[in-house]
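Working notes for the structure below.
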Amino acid sequence: MNVADSEVVASIMGEAGYQPTKNIHDADLILVNTCSIRENAEQRVWGRLDLFRSEKRKRPQVVVGVLGCMAERLKEKLLESDKMVDIVVGPDAYRDLPMLVASAGEGHKAVNVLLSREETYADISPVRLESNGVSAFISIMRGCNNMCAYCVVPYTRGAERSREPATIVREAQEIFIAGYREVTLLGQNVDSYSWINQSTAGREVEGNVSAKGSSNIGFAQLLGMVAEIDPLLRVRFSTSHPKDLSDEVLETMALHENICKHIHLPVQSGNSQVLERMNRKYDREWYLGRVKAINTILPGCAVSTDIIAGFCGETEEEHSETLSLMKEAGFDFAYMFKYSERPGTKAARHLSDDVPEKVKTRRLNEIIALQNELSVASKKADIGKVFEVLVEGKARKNISIVRDVESNISATDKMQIKSDNHTTMMGRTSGNKVVVFQTQDVKPGDYVMVRVTSATSATLIGEVERLKGL
Ligand code: 5AD
Ligand code: SF4
């Protein structure tokens with residue numbers, strides 16, 4: 001989400017004559033895009049601001065700005081801190097940046113943290129920053145209406161609004177033409193994407209249009225529209241909300257081979273009472289029912305999740321239900337967090353953050369240990385299978401190093417380390433698993449069929465069988 005926002009900012013500032021630089025000492029303007037979701041995310045930003053302050057002490061003409069969720073949450077407080085911040089800009093005010101930067105250049109500190117009900121930056125072509133040239137993110141909606149009790153996002157990013165589908169499809173087409181082979185459609189809750197075609201809707205009111213042909217485009221339709229751009233364009237999306245993930249979306253995924261078979265479906269907790277306190281609007285049975293629907297409609301589809309350990313009032317028994325749900329769902333991957341109280345949220349106002357830190361840590365460690373076992377099992381089950389892999393680039397580690405360090409689970413390890421003129425490349429399966437393999441003649445953006453020969457807990461290791469289609 002933040003990468004996509006930074007790319008919008010880069011585009012807006014590009015129009016105003018600014019170019020990105022990799023060297024902070026060359027920068028006339030330093031912008032830090034921030035996340036407030038957990039306290040440690042904010043702590044990292046404070047650390048970065050120390051670094052920027054020392055740059056500003058050396059070069060006082062540099063303008064320093066804080067963007068995004070922390071800007072929205074802390075507003076003027078950021079200007080009042082000792083960090084020498086000049087501008088504070090919330091997630092719906094990026095169009096105002098050139099003006100705010102100019103006035104900061106004249107010595108006027110500035111804040112714009114107005115949230116909008118309409119802003120989607122639909123007309124802005126993001127400048128792809130630090131991209132691998134293969135995969136790109138497209139924001140399809142902004143904000144969130146869900147009000148999960150622990151979450152600060154509805155306060156920092158405002159109400160949910162969807163972006164016009166034609167602009168999304170156009171952006172995906174442009175990306176494909178530029179050589180990209182994968183788009184990830186982004187939203188806090190993509191399943192509630194909804195666009196009502198105003199002109200048709202208006203005519204319906206006048207009674208000139210028959211009830212046939214609904215004017216509403218939901219997420220399933222949008223997904224189909226993007227998938228139809230080209231079979232060589234992979235389509236991913238994130239994040240799905242269990243209460244809204246529909247069979248229609250699963251059926252659309254089944255219909256299009258290029259829609260990746262991976263769903264990120266945050267569960268947060270395996271206990272229905274905790275889910276109720278979290279205001280998640282589903283219970284354990286509903287969640288497991290959605291996983292069953294995924295497995296039925298999309299056999300082999302990967303499912304990943306987010307889990308929070310030690311939410312307000314969580315008992316030992318409630319925690320153990322998270323562990324049992326993890327086993328039942330058999331997650332391929334998970335992001336796992338300790339509950340961190342965020343000021344202003346429903347939980348901060350009405351619930352007591354009463355699970356002791358030590359207990360939170362122990363529960364999180366149990367969750368991580370179990371997920372590690374599940375991730376290993378999921379990767380081991382892939383050994384011997386052939387996957388279509390989209391090549392992203394050179395692997396950071398050579399295969400031989402990967403195996404030496406993490407060889408503990410390299411079960412049927414038949415890989416031969418080939419001669420030096422083979423490069424270790426990496427790519428992803430449709431299920432979003434990283435695969436490394438040695439090859440002579442593939443480049444980023446190619447599709448290859450790879451047979452998995454062994455695995456570490458994080459990576460599959462394979463051999464190229466053939467280029468796709470040969
Ligand atoms: N404490 C811990 N984790 C949180 N998340 C969101 N808010 C909090 C919080 N206050 C996690 C959720 C969410 C992910 C993006 O971050 O698991 O799905
Ligand atoms: Fe936060 Fe819940 Fe919205 Fe996700 S769905 S952004 S967890 S409020």
Side-chain angles (χ1 to χ4, degrees), residues 3-4 7 126 128-138 168-169 171-186 190 223-238 252-264 298 300-304 332-333 375 378-379 382-383 385-399 402 422-456 458-470:
V3 173
E7 293 180 341
R128 307 288 159 195
L129 298 165
E130 295 183 27
S131 154
N132 59 8
V134 177
S135 40
F137 297 105
I138 301 183
I168 297 169
V169 172
E171 192 176 325
Q173 276 164 338
E174 284 167 6
I175 281 168
F176 183 71
I177 291 164
Y180 289 83
R181 290 295 172 263
E182 183 175 274
V183 290
T184 304
L185 307 179
L186 291 177
V190 290
L223 205 48
M225 285 157 71
V226 178
E228 273 162 27
I229 290 173
D230 197 292
L232 286 178
L233 180 68
R234 273 188 173 181
V235 186
R236 298 188 182 277
F237 56 88
S238 189
T252 306
M253 290 175 75
L255 221 65
H256 297 272
E257 213 192 314
N258 57 330
I259 304 182
C260 290
K261 303 302 179 276
H262 168 221
I263 299 183
H264 186 62
L298 299 166
C301 180
V303 181
S304 58
D332 296 278
F333 180 82
S375 298
S378 142
K379 294 206 173 54
D382 290 338
I383 294 173
K385 293 185 191 157
V386 176
F387 291 94
E388 180 197 280
V389 172
L390 173 59
V391 181
E392 290 184 16
K394 283 191 182 165
R396 263 180 295 159
K397 293 182 201 166
N398 189 292
I399 286 176
V402 171
H422 283 71
T423 316
T424 304
M425 302 292 282
M426 64 78 61
R428 276 169 212 271
T429 65
S430 167
N432 210 26
K433 286 182 186 155
V434 172
V435 189
V436 297
F437 48 93
Q438 293 203 325
T439 174
Q440 249 180 329
D441 49 9
V442 306
K443 55 186 187 315
D446 284 347
Y447 286 97
V448 283
M449 304 306 292
V450 177
R451 179 177 298 279
V452 175
T453 52
S454 60
T456 73
T459 313
L460 300 175
I461 299 166
E463 283 173 4
V464 176
E465 292 242 310
R466 59 186 191 282
L467 288 177
K468 188 190 172 189
L470 296 181

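- The minimum heavy-atom distance linking Gly462 with Val435 is given by the pair N-CG1, 4.3 Å.
- Checked by atom type and distance alone, the side chain of Ser454 never pairs as donor or acceptor with a backbone atom of Ile383 at under 3.5 Å.
- Rounded to the nearest 0.5 Å, atoms CE (Met425) and CD (Gln438) are 11.5 Å apart.
- In terms of heavy-atom proximity, His256 sits nearest to Lys261 at O-NZ, 3.0 Å.
- Using a 4.5 Å heavy-atom threshold, the side chains of Leu390 and Val134 count as touching.
- When side chains are defined from C-beta on, Glu130 does not count as touching Val3, because their heavy atoms never get closer than 4.5 Å.
- When every heavy atom of His262 is checked against every heavy atom of Ser430, the shortest pair comes out as CB-O, 3.9 Å.
- One distance of note links CZ of Arg428 with CZ of Arg234; it measures 10.0 Å at 0.5 Å rounding.
- Asn258 places a side-chain N or O within donor-acceptor distance of the main-chain N or O of Asp230, the cut-off being under 3.5 Å.
- Here Glu463 contributes atom CD and Arg451 contributes atom CZ; the two are 9.0 Å apart, rounded to the nearest 0.5 Å.
- Checked against Phe237 for a side chain to side chain contact (heavy atoms under 4.5 Å, CB included), the options Val183, Leu186, Leu185, Thr184 give a single hit: Leu185.
- In this structure, Tyr447 contributes its side chain and Leu232 its backbone to a donor-acceptor pair below 3.5 Å.
- Looking at heavy atoms from C-beta onward, Met426 lies out of side-chain contact with Thr459 at the 4.5 angstrom threshold.
- Taking all atoms of both residues into account, the shortest heavy-atom contact from Val226 to Ala172 is CG1-CB, 4.1 Å.
- For the residue pair Ala136 and Tyr180, the shortest heavy atom distance occurs at CB-CD2, 3.9 Å.
- Atom CZ in Arg236 sits 13.0 Å away from atom NE2 in His264 (nearest 0.5 Å).
- Taking CG of Asp332 as the start and NZ of Lys433 as the end, the distance is 4.5 Å to the nearest 0.5 Å.
- Note that CD1 of Ile229 is 5.0 Å distant from CD of Gln173, once rounded to the nearest 0.5 Å.
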Practice problem: Decide salt bridge (charged side-chain N to carboxylate O under 4.0 Å, His left out) for Asp382 and Lys379; before the verdict, give the C-alpha distance in whole Å, the side-chain angles of both, and the deciding distance to 0.1 Å. | Solution: CA-CA 5 Å; Asp382 290 338; Lys379 294 206 173 54; over 6 Å; no
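- The nearest pair of heavy atoms linking Gly427 to Phe437 is N-CE2, 4.2 Å.
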Quiz prompt | Candidate pair Glu465 and Lys385, rule salt bridge (charged side-chain N to carboxylate O under 4.0 Å, His left out), full reasoning | solution = CA-CA 11 Å; Glu465 292 242 310; Lys385 293 185 191 157; over 6 Å; no
Practice problem: Could you go through the side chain to side chain contact (heavy atoms under 4.5 Å, CB included) check for Asn432 and Cys260 one step at a time? | Solution: CA-CA 8 Å; Asn432 210 26; Cys260 290; over 6 Å; no
